[in-house]
2 protein chains.
Amino acid sequence: MPSRPTPFPSAASLQATSTATIEDVARMADVSIATVSRAIHTPEKVATSTRQRVNQAIAITGYTTNAMARSLRMGRSNMILVLAPDIGDPNFSSILVGLENEARAHGYGVLIGHTQNDPERGLDYLKFLNSNQAAGLLLFTGHAPFGHQMMTERLPPTVGLFEPVFNGRVSYVGVDDLAGARKAAEHLLSAGHRRIAFIGESRTKLGHQRRLKGFELALDAARIPASDRMVLEGDGTIESGRLALEQIFMRGDAPTAFMCVNDATAIGVVNGLSARGYELPRDMSVIGFDDIPQATYVHPPLTTVRQPRSAIGRQAMALLLQSLDAPPEPPREILIMPDLIVRGSVTGPQRR
Amino acid sequence: MPSRPTPFPSAASLQATSTATIEDVARMADVSIATVSRAIHTPEKVATSTRQRVNQAIAITGYTTNAMARSLRMGRSNMILVLAPDIGDPNFSSILVGLENEARAHGYGVLIGHTQNDPERGLDYLKFLNSNQAAGLLLFTGHAPFGHQMMTERLPPTVGLFEPVFNGRVSYVGVDDLAGARKAAEHLLSAGHRRIAFIGESRTKLGHQRRLKGFELALDAARIPASDRMVLEGDGTIESGRLALEQIFMRGDAPTAFMCVNDATAIGVVNGLSARGYELPRDMSVIGFDDIPQATYVHPPLTTVRQPRSAIGRQAMALLLQSLDAPPEPPREILIMPDLIVRGSVTGPQRR
DNA sequence: TTGTATGCGTTATCAT
DNA sequence: ATGATAACGCATACAA
């Protein structure tokens, strides 16, 4: 019995090879690999009939462009690397969604690198970048990745987001810290508070500095004397809120309201206050910043300033994607105005 | 004035080129690229003196292997892809640290893909895998990535972790759900409870099913009649805890204790109970599972079963790295025994 | 011990 | 409209 001819020249050989390459497709469609490549990237330059044959072959083989080869050839990948020190940051998740949506819309994929603020890991990702495995870099870290100078020089287009980047001249997308903090302080002021404590890390964190500035501007405008203001150090963790509270009570001159640099700090303060027997918000007002999910589950629920997380993600990615072709010079800074979210942790000061 | 000879043949040309390649190193060390490659990967096969020249050249140029080219050539990368549906999962962060430590120790890097349970995104990452951009796959998702069948067939070595993988025959590393749940139930029992409600999603989630089984085994052993057991549906979100609670009260026969499939559910129950004016744990006991950070910040702090997160991460990566050379057949399942964490949400039942 | 040459899967240039 | 081929950067079989 004569062997039945297969519809395509090399149908048999296909099963042997693991992943279909452009060559498999070419053979099956009976064209050159150049034509296959064209059919994919510039379909209008290919005759309709051949294009159809190629597409059919692609469908049958399940061919997907080998991104490694493509990037090697092109000197640029279509992946964006996001570097984050702490994946667990409650802000990170929804910013990421914004980033990814925007990236997808432009044909880019998103990869996340977890640095844990460890220079070693930073170096690893630097190497990753160095071999063009990502076309652009998004810094959620507040600083450029650490590593050999040689490598930091050759960084791809980069934009920082959420936390201002203190080293490296890069574009930045984030909340308008100053304006947001000012809104928060004004909310406290208009509730009648005059003795207010601010808790934050003003020395190294740029974002915290800006929030402190907004706080001070608002109090200046309300002509609150310096003697009625307290500024306490706190690195932005829940624990730092508790600690700052201890200091306040050690010094003995409690304020009527706390303005915390972020919600984590505020949660620490709320917990500490409750533990000391204060009833909130009757005895003391607390306001936060960020509006993380946990802000709702504390008692009383936190009045706070909401980070426009999704917008930050979207705009940061948009800016980066633009920068891929021509990095803006000088770097741009996009500040998004946040909204005040009024919940239950602020009322007027108690009569004393 | 005669031009001063440069110490190396092509020192000048280096500045022009963007990133140093193996060829730059070869020229500078005055050897062939093959020798450079060998000096890096099999140093013992290279004369000491040449090796030194090569190393020096590498140091000067800041050369790093182009991972794209290397992987293309070798047909395998040194990156591991972790697929997670929700980066914000409070369990994810510390598992990740375990994964990364183990990976680093073996010279592998970790990349995270955020699928959001979206098949489109899954397909993207499938393409990523398909071109050998990752040597192995870790599934935090509870299921294999969705995509064209053609591509799912060609998956690299894979292991699931944290949540049993319901499609795809893959190895798995996670907590011993059954034993952990049994411990929790026994804790409730030994506190004196006999009317206990279980809240969880027993239909589609394998892990939930196992926890329910552990619950039932413990109650069987204590000879609790079926009439004293309640099993309520809840998908594991905070909201699902509240909802299940509603159902209980609608039916009117409240238990004395709640065993929740996870902490999120338990937090929903605790909140709901507090909102209804119950004082915990005096009026009602609640036990969770996972020991997420938030378990500490609810009142009363949650008694729960702790996920061995770091161990899960470490062992899953170790298993995957082994599987790279020879995938175990049949797939292995590593179950880690969890500890009961006693806090304040469980006491004896109220006298009625 | 070292060098030459080939191929990994693409894209792009130049012919035809 | 299509095909042949070079080059991307590297690892390695084979020669020397």
Side-chain angles (χ1 to χ4, degrees), chain A residues 14 17-55 57-58 61-79 107 127-133 135 154, chain B residues 13-14 17-54 57-58 61-78 127-133 135 154:
Chain A
L14 276 180
T17 160
S18 63
T19 282
T21 74
I22 199 172
E23 199 167 339
D24 298 322
V25 176
R27 263 201 306 271
M28 183 171 287
D30 198 32
V31 293
S32 73
I33 63 169
T35 300
V36 174
S37 184
R38 271 189 297 256
I40 294 172
H41 298 102
T42 51
E44 69 279 5
K45 291 189 175 181
V46 151
T48 315
S49 61
T50 40
R51 187 170 51 220
Q52 284 173 342
R53 287 212 318 285
V54 169
N55 287 336
I58 289 179
T61 55
Y63 167 78
T64 313
T65 308
N66 180 321
M68 309 234 60
R70 175 175 218 273
S71 302
L72 177 59
R73 174 61 226 250
M74 307 247 292
R76 180 201 276 195
S77 92
N78 66 150
M79 286 284 169
K127 288 183 185 167
F128 185 82
L129 291 168
N130 198 45
S131 40
N132 298 322
Q133 293 190 82
R154 303 199 194 295
Chain B
S13 72
L14 277 180
T17 160
S18 61
T19 282
T21 75
I22 199 173
E23 200 168 340
D24 298 321
V25 176
R27 263 202 304 273
M28 183 170 287
D30 199 32
V31 295
S32 74
I33 64 167
T35 300
V36 175
S37 184
R38 274 189 293 255
I40 295 172
H41 297 103
T42 50
E44 69 279 6
K45 291 189 175 181
V46 152
T48 315
S49 60
T50 40
R51 188 169 53 221
Q52 285 175 341
R53 288 213 316 287
V54 169
I58 288 178
T61 54
Y63 167 78
T64 314
T65 307
N66 181 320
M68 307 233 65
R70 176 173 214 274
S71 303
L72 177 59
R73 173 59 225 257
M74 307 253 290
R76 180 202 276 197
S77 91
N78 66 151
K127 288 183 185 168
F128 185 82
L129 291 168
N130 197 45
S131 42
N132 297 324
Q133 293 189 84
R154 303 199 195 292

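All of these numbers come straight from a predicted model, not from anything done at the bench. Chain letters run A, B, ... following the sequence lines, proteins first and then strands; every chain starts at 1. Scope of the values below: all heavy atoms of this structure, side chains included, with no hydrogens, waters or symmetry mates.
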How long is the line joining [atom1] of [X] and [atom2] of [N], in whole Å?
X      : N      : atom1 : atom2 : result
A/I22  : C/dG9  : CD1   : P     : 11 Å
B/R27  : C/dG3  : CZ    : P     : 14 Å
A/I40  : C/dG9  : CD1   : C1'   : 12 Å
A/N66  : C/dG9  : CG    : C1'   : 6 Å
B/Q133 : C/dT10 : CD    : P     : 12 Å
A/H41  : C/dA12 : NE2   : P     : 8 Å
B/R70  : C/dG9  : CZ    : P     : 17 Å
A/N78  : C/dT10 : CG    : P     : 14 Å

* Of the residues in residues 43-53 of chain A, which ones touch DNA chain C at a heavy-atom distance under 4.0 Å? ->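 Here the set is empty: none.
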
For the atom pair [atom1] ([X]) and [atom2] ([Y]), what is the distance rounded to the nearest 0.5 Å?
X     : Y      : atom1 : atom2 : result
A/I58 : A/T65  : CD1   : OG1   : 7.5 Å
A/S77 : B/F128 : OG    : CZ    : 8.5 Å
A/T64 : B/N130 : OG1   : CG    : 4.5 Å
B/M68 : A/N132 : CE    : CG    : 8.0 Å

Please work out if [X] contacts a base, only the sugar-phosphate, or nothing of the nucleic acid, heavy-atom cut-off 4.0 Å.
X      : result
B/S37  : base
B/S71  : nothing
A/S131 : nothing

Validation row: [X], [Y] side chains within 4.5 angstrom (heavy atoms):
X     : Y     : answer
A/Y63 : A/I22 : yes
A/E23 : A/I33 : yes
B/R51 : B/V54 : no

* Structure fact -> Residues passing the side chain to side chain donor-acceptor pair (under 3.5 Å) test with B/S131, sequence neighbours excluded, are B/Q133

* **Distance below 4.0 Å between A/S32 side-chain N/O and D/dT2 OP1 or OP2** => no

Give me the distances for all protein-to-nucleotides 6-8 of chain D N/O pairs that come in under 3.5 Å?
residue : atom : partner : partner atom : Å
D/dC8   : O2   : A/R73   : N            : 3.4

In a table with atom names and distances, give each donor-acceptor pair under 3.5 Å that connects a side chain of residues 34-41 of chain B to protein atoms at least two apart or in another chain.
residue : atom : partner : partner atom : Å
B/T35   : OG1  : B/S32   : OG           : 3.4
B/H41   : ND1  : B/S37   : O            : 3.1
B/H41   : NE2  : B/R70   : NH2          : 3.2

* To do: Only counting residues at least two apart or in another chain, list the ones meeting side-chain contact (heavy atoms from CB on, under 4.5 Å) with B/Q52.
  => B/T48

* With sequence neighbours excluded, what pairs up with A/L72 under the side-chain contact (heavy atoms from CB on, under 4.5 Å) test? -> B/N66, B/A69, B/L72

* Shortest non-hydrogen separation from B/R53 to B/D30 and the atoms involved ->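 What the structure gives for the nearest pair is NH2-O, 3.8 Å.
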
Output one line per pair: protein atom, nucleotide atom from nucleotides 13-16 of chain D, and distance, for all N/O pairs under 3.5 Å.
none

